Protein chains: 4
Amino acid sequence: MDKRKDTRIPVQKRGKDKKNRILLTAKKLFIEKNYFEVSTNEIAKQTGVSIGTLYSYFSSKDDILAELLNDYNNSFLPILKKINNQESFQAFKTDTKSWLSYLIDQLTDAEDKEFHLQIEMLSFVVPKVFDLRKRHNDQITDLIYEYFLYYANNTTVHEIRFLSIIVFDYISALVDELLYNKHSSSEKDDIKKYGINSIHTVIKTHLN
Amino acid sequence: MDKRKDTRIPVQKRGKDKKNRILLTAKKLFIEKNYFEVSTNEIAKQTGVSIGTLYSYFSSKDDILAELLNDYNNSFLPILKKINNQESFQAFKTDTKSWLSYLIDQLTDAEDKEFHLQIEMLSFVVPKVFDLRKRHNDQITDLIYEYFLYYANNTTVHEIRFLSIIVFDYISALVDELLYNKHSSSEKDDIKKYGINSIHTVIKTHLN
Amino acid sequence: MDKRKDTRIPVQKRGKDKKNRILLTAKKLFIEKNYFEVSTNEIAKQTGVSIGTLYSYFSSKDDILAELLNDYNNSFLPILKKINNQESFQAFKTDTKSWLSYLIDQLTDAEDKEFHLQIEMLSFVVPKVFDLRKRHNDQITDLIYEYFLYYANNTTVHEIRFLSIIVFDYISALVDELLYNKHSSSEKDDIKKYGINSIHTVIKTHLN
Amino acid sequence: MDKRKDTRIPVQKRGKDKKNRILLTAKKLFIEKNYFEVSTNEIAKQTGVSIGTLYSYFSSKDDILAELLNDYNNSFLPILKKINNQESFQAFKTDTKSWLSYLIDQLTDAEDKEFHLQIEMLSFVVPKVFDLRKRHNDQITDLIYEYFLYYANNTTVHEIRFLSIIVFDYISALVDELLYNKHSSSEKDDIKKYGINSIHTVIKTHLN
DNA sequence: AATGAATGAGACTTCATTCAT
DNA sequence: TATGAATGAAGTCTCATTCAT
């Protein structure tokens, strides 16, 4: 017998809308304050829905977070797909700098920049969130690894592994700097340029 | 014979001890669980002190955190001092790689690695903590900036500014990778070597 | 060709079916869990009926219980009838032991053994249920009384009253022991035999 | 590490008083309404205590029940002790009727007659309570068994087992009749007399 | 100074019942 | 008639904080 508490599975449009509205409100509030300081009652009230309704769509506050994580995951997938894409790889075979630039653009353009911060926060606290983050990062690291593998000459697989870890770290650091630190638009451009150049240098030098 | 049970420790000192013990317990618990999941009553009990006593030393749970942050700040100062030290600067004037290595060692050896994670987490949540973190990072960035300023030839102040931001980001990313990701000891050595080399390359190339 | 999907069952009948199905499900669930741990929504869902429909047939959860009690009552009636039956009385006039055996069999074979437990439980909680139980018990006691009345020689009406109360208690105790305590089939046979013999002894001795 | 939530262990008199007052109120309310229809808030309010205080003494509503059961158990123990007592056994060796009478008196005089009903009710619902009840009943049955064992002549151990089960059932039924059904005082005396006589008859006849 | 019993707002969650469609 | 989304009062429990001793 199925022990899951049966949360409403919205079939009709109205129901889906309401569920989405709850999710949206929750996300908004989680971003504004933070997961721990947002109450389910508040989410319900701000959505303009009774607490009972909220709990008919979600079995718990955790469940709301889980759905949000799921959505985040799903919104991240196309970005990964784009990057992992054969075409882009082919196109960038001979032009590492463009590949790098493209990669960084994809990561920077990822939606949910603000919710991403909540995820980062929660990854310190909620194991499930930690795993999600790790999975995402590993996927990107693997992608970089594959690209390097293709280009490597006198470099061992081991070295490439380390290099891809480090390059992923640098790329992430750069993306974070661009997304979350307050810089003017022109500063951002410069930082991005410098960042890409520097990482490119690193790759060129170590992958001779 | 009048044998006083105990040599009385001056009231102030005893008070300070108690306060410190509370802070220590709080920090331990914040690390073990996390700020949100630790209660003031728990801190008091684990310290072996009544909740009333705790509240005679601290006005609120937030206040405990504030003091801890303050301590963290103070423990960070000597590290900064060491790095900013004229001597080290002089010593490393001609050897950027050694300077870099030294810088990274200092940051890696910083105490409170574990509490640092709590701070990172809370910086997403508590503005005061965010500011602290930013202040620390800015100080290190400034330090790097100063070093670069000294070496720059055909580089504008502006460019140096960006470069120091980026290099700080890379250094931080490397330190985090070394401290918080699970690598074997030999892997760590390799990653560190690669990391230092790559950052060195970046500096050399962009500061020619 | 105009082929109506379904021969329409007269509305009344269909309604009755649905109502019965709800009652059946409710009873099943009340037995499986217990009255307090079963929700109306659950009953509706398990019946395959909307909660709205449920509330169109029953005005409240209590009402469902009331109907179930009513049904229980009605299903108990034939049993009483059988026992009270003139024929059986006649048949057993000269054979108290057989009469006793028959009585116990009837009570043991009563349907709804499991629901009976719910009723017993609820009789501690819901006055209405308490009354129902009392009414049933009184009816059986009366029946025993009548039988004894017939046989009494040097016994006052008063004494017969008390005796029938006590004998009813013993019979009930025996039936409960047989129905609800875990005994092997052969143990049950022995207990039943002993029980009947002992009650028979009581009657014989006190009614001589 | 001890995972039990630390409920207050009252050392001082005042604390013990308060805990007892909560228990007393809870018992009163459980008797008046029933366990399921009494809320912790109500218990707290009626005790004249905040809900927080209640939860500092008890970890949950279940815990309150558990303590009450424990107390019940402990109040039952002396009764058992009295019955099991060597002296009484010796004294009643030659006088089964007196032994029976004594046994029934002890059970009838058991305190907590009203709470006993709650326990009976809950034993249908809460396994823990069911077990408690069973344990009590088994102890009394064993006691009866021992007594019979002593007296048995041409009776097998097996038969004695069954007889003691049945006699226990009859005794319980009689005690319940005396305690919970509304009879006048003189009626009670008669019922008791008849009951004892009848059970005595049973024993005599079957233990010849 | 220190104690710790006491507080109560507020968090999460359930469920009998209603009502627009 | 039937549906099921929606309601919200009420229940259990937590925890930062206070205050009489």
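This one's a predicted model, so the numbers in the text were calculated from it and none came from an experiment. To find a chain, count down the sequence lines: A is the first, B the second, and so on, and within it residues start at 1.
For the side-chain contact (heavy atoms from CB on, under 4.5 Å) with A/L29, the lone residue among A/L24, A/V38, A/N34 that qualifies is A/V38.
B/D63 places a side-chain N or O within donor-acceptor distance of the main-chain N or O of B/S59, the cut-off being under 3.5 Å.
In this structure, the nucleotide among E/dG4, F/dA2, E/dG8 sitting nearest to the side chain of B/I51 is E/dG4. Residue A/Y57 has its side chain nearest to F/dA5 when only F/dA5, E/dT7, F/dT17 are considered. Side-chain atoms of D/Y55 lie closest to F/dT12 of the nucleotides F/dT17, F/dT12, E/dC12.
When rounded to the nearest whole Å, the span between CG of D/L54 and P of F/dT12 equals 10 Å. We find that CD1 of B/I43 is positioned 17 Å from P of E/dG4, with the value rounded to whole Å. Distance CG (C/L65) to P (E/dA16): 13 Å, rounded to an integer number of Å. With rounding to whole Å, C/R21 atom CZ is found 15 Å from F/dT1 atom P. Rounded to whole Å, atom C1' of F/dT14 lies 17 Å from atom CZ of D/F58. Rounded to whole angstrom, the span from the NZ atom of A/K45 across to the C1' atom of F/dG8 amounts to 11 Å. If you take CD1 of C/I64 and C1' of E/dT17, they are 12 Å apart, rounded to a whole angstrom. Between the C1' atom of E/dA2 and the CG atom of B/D17 lies a distance of 16 Å, rounded to the nearest Å.
Within a 6.0 Å radius of NZ in B/K45, no more than 12 heavy atoms belonging to other residues, nucleotides or ligands are found.
Under the 3.5 Å distance criterion, with hydrogens and angles disregarded, no donor-acceptor pair is assigned to the side chains of C/T53 and C/S56.
Of the side-chain N and O atoms in D/S50, none sit less than 4.0 angstrom from OP1 or OP2 of E/dG8. Between A/K19 and F/dA5 there is no side-chain polar atom (N or O) within less than 4.0 angstrom of OP1 or OP2. Phosphate contact (OP1/OP2 of F/dT1, side-chain N/O of C/K18, threshold under 4.0 Å): absent. A close approach under 4.0 Å does not occur between any side-chain nitrogen or oxygen of C/S60 and OP1 or OP2 of E/dA16.
Applying the Watson-Crick and G-U wobble criteria (two distances, each under 3.5 Å), E/dA11 pairs with F/dT12. For E/dA1, there is no paired nucleotide, since no Watson-Crick or G-U wobble pair has both relevant distances below 3.5 Å.
Ring planes of A/F30 and A/Y35: perpendicular class, angle over 60° (limits at 30 and 60°). Between B/F76 and B/H136, the ring planes are parallel. Angles under 30° get that label, and only those over 60° would be called perpendicular.
For the pair B/L54 and B/T47, the minimum side-chain heavy-atom distance is 4.5 Å or more.
Nucleotides of DNA chain E nearest to A/D62 and C/D62 differ in position, and the one nearer the 5' end is that of A/D62. Each of C/V49 and B/G52 has a nearest nucleotide on DNA chain F; the 5'-most of these lies closest to C/V49.
A heavy-atom distance below 4.0 Å to DNA chain F is reached by these residues of residues 32-42 of chain D, ordered by number: D/V38, D/S39, D/T40, D/N41.
Ion pair A/K27/A/D112 flagged as a salt bridge, since at least one NZ, NE, NH1 or NH2 atom sits closer than 4.0 Å to an Asp/Glu carboxylate oxygen.
When heavy atoms are screened at a 4.0 angstrom cut-off, D/S56 is found touching no nucleic acid atom at all.
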